[in-house]
Amino acid sequence: MQTRVTDLLGIDYPILQGGMAWVSTAPLVAAVSKAGALGIIGAGGMDANELRENIHQVRAITEKPFGVNLMLLSPHINEQIEVVKEERVPIVTTGAGNPARLIDDFSKSGILTIPVVASVQLAKRLVRHGIQAIIAEGMESGGHIGEITTMCLVPQMVDALDIPVIAAGGIGDGRGMAAAFALGAEGVQIGTRFVCSNECQIHPFYKQAIIDSQDRSTIMTGMSTGHPVRCLKNKLTRKFEELESLRASREEIEALGSGRLRRAVCEGDVEEGSVMAGQISGLIHDIKPVSDIIQQMIEEFDNTIAQLTLFQKE
Ligand code: TUI
């Protein structure tokens, strides 16, 4: 499968594994890259040494391209920037902010910056800074999100930009991938589906919470703080709802969220922890190897496209 995205990134399939803080560490990333897609280390939550260690671990397993996702709100962001430059990481994706100041500097170090954005306005601004591809993330995604759905964001992004658009948010199988391509995307970024893989090194209760979920199992919290986050409904999200209904201060709401992702991912506390997951969670029913997820997605993509061509007039 060749698109501008596979050409640019040097991968076999136009699939990126979303960089997920605490979740996408070296074993998952290496498995995804080894299988011909792009694995991405989620640097959010890592200090400089942990990030360097993860980069070395990926390189010990595969020579294929991989990326690092920099969460721009991370307290370790400046040291992480130095590490990706020193380690000559080929691809950096960014999230939760405007990466304009990094693009030129990274480019001089041979690093390709692919921003994750949730609006056409920021995307256009970043194109003027010289980016070569962008990830358009809809609000179906897990974690920190914007306001627009993938269905509406992707075609508007495609029309506004000349660079390839990678669709993210609400895609968990080959049908979703085909839908994204129908909207003009040339690649997809997948998060939640890869969480439920054998190679993903998180507490089993987190994976099980996704498997047990249905279509209406996620909720957006933290809207009043300006940093809305999607996760599975649980005791913690009910506390958020209560605080927000009482119009609690931003500080109070942010304090409630502190350390909660780690608690869910590492300790398996899926009631008091933040179980970040996308709306596609309800579609995920099993845990399987990364290579099976990718192969089945490509097969399903091909079948979907073949089915759709039956609609063509003679
Ligand atoms: O970054 C993400 N998703 C994330 S980051 C994360 S870690 C976290 N932990 C605790 C609380 C909050 C986050 C979990 N999930 N996705 C990419 C993304 N970026 N979605 C939306 C944006 C975004 C938002 C605003 C990008 C740029 C932006 O720009 C604002 C500006 O400065 O113009």
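Order of appearance sets the numbers: ligands from 1, and atoms from 1 within every ligand. Please read all numbers here as calculations on a predicted model, not as lab measurements.
- Near Gly95, meaning under 4.0 Å from one of its heavy atoms, ligand 1 places the atoms 1 (O), 17 (C), 19 (N).
- Linking ILVMFWY side-chain heavy atoms closer than 4.5 Å, directly or via other members, places Leu102 and Ile114 in two distinct hydrophobic clusters.
- Atom 9 (N) of ligand 1 has as its closest protein heavy atom Met276 CE, 3.7 Å.
- In this structure, a donor-acceptor pair under 3.5 Å is present between the side chains of Ser224 and Glu244.
- His144 N, 2.9 Å is the protein heavy atom nearest to atom 15 (N) of ligand 1.
- Aromatic ring orientation, Phe181 versus Phe301: perpendicular (interplanar angle above 60°, classes split at 30° and 60°).
- Other residues, nucleotides and ligands place no more than 12 heavy atoms under 6.0 Å from the NZ atom of Lys124.
- Atom 7 (S) of ligand 1 has as its closest protein heavy atom Met71 CE, 3.5 Å.
- Contacts between Leu122 and ligand 1, counted as non-hydrogen atom pairs separated by less than 4.0 Å, involve the side chain only.
- Atom CD of Gln296 has more than 12 neighbouring heavy atoms from other residues, nucleotides or ligands inside a 6.0 Å radius.
- Under the 4.0 angstrom criterion for non-hydrogen atoms, Gly97 is in contact with ligand 1.
- The protein non-hydrogen atom at the shortest distance from atom 12 (C) of ligand 1 is Val229 CG2, 3.8 Å.
- Of the candidates Leu261, Asn69, Val116, it is Val116 that places a heavy atom closest to atom 17 (C) of ligand 1.
- A salt bridge does not link Asp269 with Arg260: none of the charged nitrogens is closer than 4.0 Å to a carboxylate oxygen.
- When only non-hydrogen protein atoms are considered, atom 22 (C) of ligand 1 lies nearest to Ala96 N, 3.7 Å.
- Among all non-hydrogen protein atoms, the one lying nearest atom 31 (C) of ligand 1 is Asn98 CB, 4.1 Å.
- Taking a cutoff of 4.0 Å between a charged side-chain nitrogen and a carboxylate oxygen, Glu63 and Arg59 do not qualify as a salt bridge.
- Every atom of ligand 1 is numbered from 1 in the order shown, and the set under 4.0 Å from a heavy atom of Gly143 is 14 (C), 15 (N).
- With rounding to the nearest 0.5 Å, the separation of CG in Asn234 from CD in Glu271 is 5.0 Å.
- Considering only non-hydrogen protein atoms, atom 18 (C) of ligand 1 sits nearest to Glu137 OE1, 3.5 Å.
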